[in-house]
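Small disclaimer: the values here were computed from a predicted structure and weren't measured. Worth knowing before you read on, the calculation uses all heavy atoms, side chains too, and leaves out hydrogens, waters and symmetry mates. Throughout, protein chains are lettered first and strands after them, A, B, ... in sequence-line order, and every chain is numbered starting at 1.
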Protein chains: 2
Amino acid sequence: MAGDLQKRRIPEATVARLPVYLRILLELAESKTATISSERLAELAGVNAAKVRKDLSYLGSYGTRGVGYDVEYLLFQMSRELGLNHDWPVVIAGIGNLGSALANYGGFTERGFPVAALVDADTTKVGRSLGDLEIRHVDELPQLVDELGIAIGVIATPAHVAQGVADKMAEAGIHSVLNFAPAVITVPDGVSLRKVDLAVELQILSFYQQHRHEQTV
Amino acid sequence: MAGDLQKRRIPEATVARLPVYLRILLELAESKTATISSERLAELAGVNAAKVRKDLSYLGSYGTRGVGYDVEYLLFQMSRELGLNHDWPVVIAGIGNLGSALANYGGFTERGFPVAALVDADTTKVGRSLGDLEIRHVDELPQLVDELGIAIGVIATPAHVAQGVADKMAEAGIHSVLNFAPAVITVPDGVSLRKVDLAVELQILSFYQQHRHEQTV
DNA sequence: GCGACTTTGTGAATGTGTGAACGAACTCAC
DNA sequence: GTGAGTTCGTTCACACATTCACAAAGTCGC
């Protein structure tokens, strides 16, 4: 009885896979596929079929035994669960090489994450335009967050200022941060943080490359 | 006796953290810090101290009880384990927005992953220069890999051609692939694959943002 | 050289994630 | 409506990862 309200806490590993399923379902919907089995979906997602069924079961019992999952319905439920039934405006901090590329990269807006603001600490950059956005000073974050309803902050600054920017974002009321800077940063409780570190990814690959021979002796 | 050779197989989770420790150690070395305790290193890496010790123990017993780890020595051992005692030339496939940014982003070369070649399938792009590299046609991959000793391929193409590029890379003898395209791709046995999907990261953040209220009732 | 203190390295306990297996629930042909 | 076939949802056992707790092994002051 006590555990009734909190019935389903979705495991982190599952949460990380849901967006992959979602993208596949979108493609299936586009190609007019009405239903999909866990087996086929698993194949497309590159995972085990049992895992797909378990993952989807956290969302509810949306499948039909003997048939599979209704693509449209599953899409609807999954979008709802992922919070994708509305847009989440994003601010990008640090308009250097990477920041500019991210700002120009259409993929964000397309998937419901419109780039609503750009900020930088460099006053020579402030005022310039990129696409149809003007670069603002990082100290204007609070107003920008407030006015534009910004929920997510993307950090594309040099490593040594990343923590400072994260602090400002948290202070401005941003609860989700995606960090591209090659630095470990911390955020207050209640703020979600994810990181993408390109060099780290390459180094992981390097490790396995290095050990490829030793491994399969 | 049989398990002697294969004494230490480093867990995946540990491998993913080693590059983070490495970066911190580099910073410590730069600031002339001679030794570091697992506790302090844990703090800097944002993890648990016991985890640090266990992770480092997979590399060997390089710490000194009562003292900590010698920064320089640990750096040396870790670099060796990660295969970072020499450069790993990289080819970037797909010179669009993201590909260009990656090519210009100095961070790769700086960390031992020089961008040695750029390829694209678009013949109007082939022949153009970016930085000091000329864009080559993707069909030249085998020669480029061979001549330049390329070990790692980075896919920054549109999703619908990513699998094809991955196939060509594997065929050309590349054993490590980093995929930025928003698509699930597969590679042959013996080839390592990692992915970075920006939209997926944002959607994961969106999930937790969506559930933030429900969670902490 | 001894005792107080520090810090590593690892065994054991706990928590999280995965995959096989199987009953339950559905479709379809006849 | 019955039987054969399909596919989901869930249980169970196991593998992997994390954290605690503590003996072992060092330092340092005197």
For A/Leu41 and D/dC8, give me the distance from atom CG to atom C1', rounded to whole Å. 13 Å
Take the protein atom CG of A/Asp70 and the nucleotide atom C1' of D/dC8, then report the distance between them rounded to whole Å. 14 Å
Would you please say whether a donor-acceptor pair under 3.5 Å links the side chains of B/Gln209 and B/Arg212? no
side-chain hydrogen bond (donor to acceptor under 3.5 Å, both in side chains) partners of residues 84-95 of chain B, not counting sequence neighbours, each pair once: A/Ser206-B/Trp88
How close or far is atom C1' of C/dT8 from atom CG of B/Leu74, stated in whole angstroms? 13 Å
Residues in salt bridge (charged side-chain N to carboxylate O under 4.0 Å, His left out) with B/Lys168, at least two apart? B/Asp139
All side-chain hydrogen bond (donor to acceptor under 3.5 Å, both in side chains) counterparts of A/Asp122, not counting sequence neighbours: A/Thr124
Let me know the distance between CD of A/Glu39 and P of D/dC8, rounded to the nearest Å. 8 Å
Please tabulate, for side-chain N and O atoms in residues 99-119 of chain B, each donor-acceptor pair with protein atoms closer than 3.5 Å (sequence neighbours left out).
unit_1   : atom_1 : unit_2   : atom_2 : d
B/Ser100 : OG     : B/Gly96  : O      : 2.6
B/Asn104 : ND2    : B/Ser100 : O      : 3.3

Expressed in angstrom and rounded to an integer, what is the separation of A/Arg40 atom CZ from D/dC8 atom P? 13 Å
Just N and O in the side chain of B/Tyr69: are any of them under 4.0 Å from OP1 or OP2 of C/dG9? yes
Output one letter per nucleotide in nucleotides 11-19 of chain C: B when a protein non-hydrogen atom lies under 4.0 Å from the base, S when only the sugar-phosphate is that close, - when neither is. BB----SBB
Per the salt bridge (Lys or Arg N to Asp or Glu O under 4.0 Å) rule, what does the pair list look like for residues 11-21 of chain A, sequence neighbours excluded? A/Arg17-A/Asp55
Applying side chain to side chain contact (heavy atoms under 4.5 Å, CB included), name anything that partners B/Ala16, two or more places apart in sequence or on another chain. A/Ile204
Closest non-hydrogen atom pair between B/Ile95 and B/Asp120, with its separation: N-OD2, 2.7 Å
What closest approach, in Å, do A/Ala162 and A/Ile185 show between heavy atoms, and which atom pair accounts for it? CB-CG2, 3.9 Å
Would you list the protein and nucleotides 25-28 of chain D atom pairs, both N or O, that sit under 3.5 Å from each other?
none

For B/Gly94 and B/Thr157, the nearest pair of non-hydrogen atoms, with its separation, is CA-CG2, 3.7 Å
Minimum heavy-atom distance between A/Lys195 and A/Leu178, given as atom pair plus value: N-CD1, 4.4 Å
Please tabulate, for the side chains in residues 40-47 of chain A, all donor-acceptor contacts under 3.5 angstrom to protein atoms that are two or more places apart in sequence or on a different chain.
unit_1  : atom_1 : unit_2  : atom_2 : d
A/Arg40 : NH1    : A/Glu43 : OE2    : 3.4

Listed in order of residue number, which residues of residues 26-38 of chain A have a non-hydrogen atom at under 4.0 Å from DNA chain C? none
Ring pair (Phe, Tyr, Trp, His ring centres under 6.0 Å) partners of residues 24-66 of chain A, not counting sequence neighbours, each pair once: A/Tyr62-A/Tyr73
What residues from residues 184-193 of chain B pass a heavy-atom cutoff of under 4.0 Å to DNA chain C? none
